[in-house]
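Presented below is the structure to which this report refers.
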Protein chains: 2
Amino acid sequence: MAKAEHAERQGNRAGAREETERAILDAAERVFAEAGFGGATMQAIADLCALPKANLHYYFASKKQLYRRVVERIFLVWLEAADSFESSATPEVALRRYITRKMDLSRAHRYGSKVWANEVMHGAPIIQDFLESTLREWTESRVRVIRRWIAAGEMREVDPRWLLYMIWATTQHYADFAHQIETLNDGPLSDAQWDAATETVCGIILRGIGIGAGR
Amino acid sequence: MAKAEHAERQGNRAGAREETERAILDAAERVFAEAGFGGATMQAIADLCALPKANLHYYFASKKQLYRRVVERIFLVWLEAADSFESSATPEVALRRYITRKMDLSRAHRYGSKVWANEVMHGAPIIQDFLESTLREWTESRVRVIRRWIAAGEMREVDPRWLLYMIWATTQHYADFAHQIETLNDGPLSDAQWDAATETVCGIILRGIGIGAGR
DNA sequence: AATGAACTTGACTGAATGGTCAGGCCTGCT
DNA sequence: AGCAGGCCTGACCATTCAGTCAAGTTCATT
């Protein structure tokens, strides 16, 4: 951000570059999400951001590298959501906040979620190292937090991993399977429906682990 | 089956044909699951079932048609699982059986689940009609069953759709995100782990909707 | 054994697509 | 104004891949 401002002040060169890269990444995210890596074409991405195909190759060396950048950007968003899982709070507050945040993300970053899902489904050829380092560490740390809550009698005894998987699965489902949900719903979910779904997910999970959550 | 036996008795021609088609479909299911439609190549499928590529085109007119047949076959398996959701039983028995069945499916048909997920994520270009007809009818019928249970005070008041999505998401996650789960687990889940995960999922959901399920 | 239909397959083709490149253009600095 | 470096792009190339085909082979039937 500071870099962009600096650039802006002394000409629009660097700022324009960042803007163009972002536009390409946005288009790429959507095309990769809708067609998968193999089905996506550089031409389709170029069309979506109204740039000649050769231009994409000026900013990103190859399709693979562009894809990698897309995935990395998504991972950062994911990490941001992960931070909302605060170990200091009670399980009720922490989990409710985390689930809500993940539901929001599913709504705001539908394409990103799909790209991530695709990548993992295909064996994570690009981001295996992330899974083995950052994701693993994050998961293990939260597993310990949950174990502590259990030991303190703040929630029912449940293997933390199955609980985390359930939260990931359910929240991401609203992005990855949005098409199915919208078909069954005759259109996109309304604000009220998102709120209701979020509340229901929170409610079932919190009660499910022995926390008499609201209402 | 009767057809195959009949064929077998009067020569192995028709029987062999079915067997070959099944081999191709199995290979295709796996390749489509691992690479997506766009990333899959007929050659890769041919290699996996040890047949010359030209032979695939003798049995299936095009890549698209082969893909369609793969998806249709998966849908039949899905329907079979759907039948285990019996409206006659109590919610506890019905949901427990349904969840267990879906977890079993995720374990036995990992590739099928992935192909389905891919198809829906990409906007269901091939099976949109299924979503709008069969899936919709099935869902609406189960929604009514769940509403009846709620009206009868057998479970907490919860929008049935969010509950169903949660069950689908969680159970399918064990197939679609198997790679991620196995990375975090340092290897495939053991029998005991599958049982534990299934039990935890049942437990959280049943308690979550106000049914004091076992243990 | 003869026959013809069903099956098999190596070699080929046309189209699509990732990637390249040379030359032109614009921008900001001196 | 003039210049240098970053930026843009149409045309092109090499590869990959779905799909074809014609020439074989196998097999059930008669």
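Labels below follow one simple rule: chain letters A, B, ... track the order of the sequence lines, proteins then strands, and each chain is numbered from 1. Computed from a predicted model, the values in this text were never measured in an experiment. Note that these values count all heavy atoms, side chains included, but never hydrogens, waters or copies made by symmetry.
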In whole angstrom, what separates A:K63's NZ from C:dA16's P? 16 Å
To the nearest Å, give me how far apart CG (A:N55) and P (C:dG19) are. 15 Å
I'd like to know if the side chain of A:H173 pairs up with that of B:Q172 as donor and acceptor (distance under 3.5 Å, no hydrogens or angles considered). no
Is there a donor-acceptor contact under 3.5 Å linking the side chains of B:S113 and B:D176? yes
Closest nucleotide of DNA chain C for A:G39 versus for A:A61: which of these residues is on the 5' side? A:G39
Take A:R22 and A:E18 through the salt bridge (charged side-chain N to carboxylate O under 4.0 Å, His left out) test and state the conclusion after the steps. CA-CA 6 Å; A:R22 207 178 48 73; A:E18 267 180 31; over 6 Å; no
Among D:dG6, D:dC21, C:dC7, the one nearest B:Y58 by side-chain distance: C:dC7
Round to the nearest Å and state the distance from A:I24 atom CD1 to D:dC7 atom C1'. 12 Å
Basic-acidic side-chain contact under 4.0 Å: A:K114, A:E34: no
Mutual orientation of the aromatic rings belonging to B:F37 and B:Y67 [parallel < 30°, tilted 30-60°, perpendicular > 60°]: perpendicular
Determine whether the aromatic ring centres of residues B:F75 and B:W116 are separated by less than 6.0 angstrom. yes
Evaluate ring pair (Phe, Tyr, Trp, His ring centres under 6.0 Å) for A:W138 paired with A:W78, printing each intermediate quantity in order. CA-CA 11 Å; A:W138 186 90; A:W78 182 89; 5.5 Å; yes
With no angle test and no hydrogens, is the base of C:dG19 tied to the side chain of A:K53 by a donor-acceptor pair under 3.5 Å? yes
For DNA chain C, which residues of residues 40-52 of chain B approach it to below 4.0 angstrom with any heavy atom? B:P52
Is B:R17 close enough to C:dA6 that one of its side-chain N or O atoms is under 4.0 Å from OP1 or OP2 there? no
What is the separation between atom CG on A:L66 and atom C1' on C:dT17, rounded to the nearest whole Å? 15 Å
Check every strand shown and say whether B:Y59 touches a base, only sugar-phosphate, or nothing at a heavy-atom separation below 4.0 Å. sugar-phosphate
Considering every strand and a 4.0 Å limit on heavy-atom distances, what is the contact class for B:S62: base, sugar-phosphate, or nothing? sugar-phosphate
Please state how far atom NE2 in A:H57 lies from atom P in D:dC7, giving the value in whole angstrom units. 17 Å
Atom pair distance, as rounded to whole Å: CZ in A:F60 and P in C:dG18: 15 Å
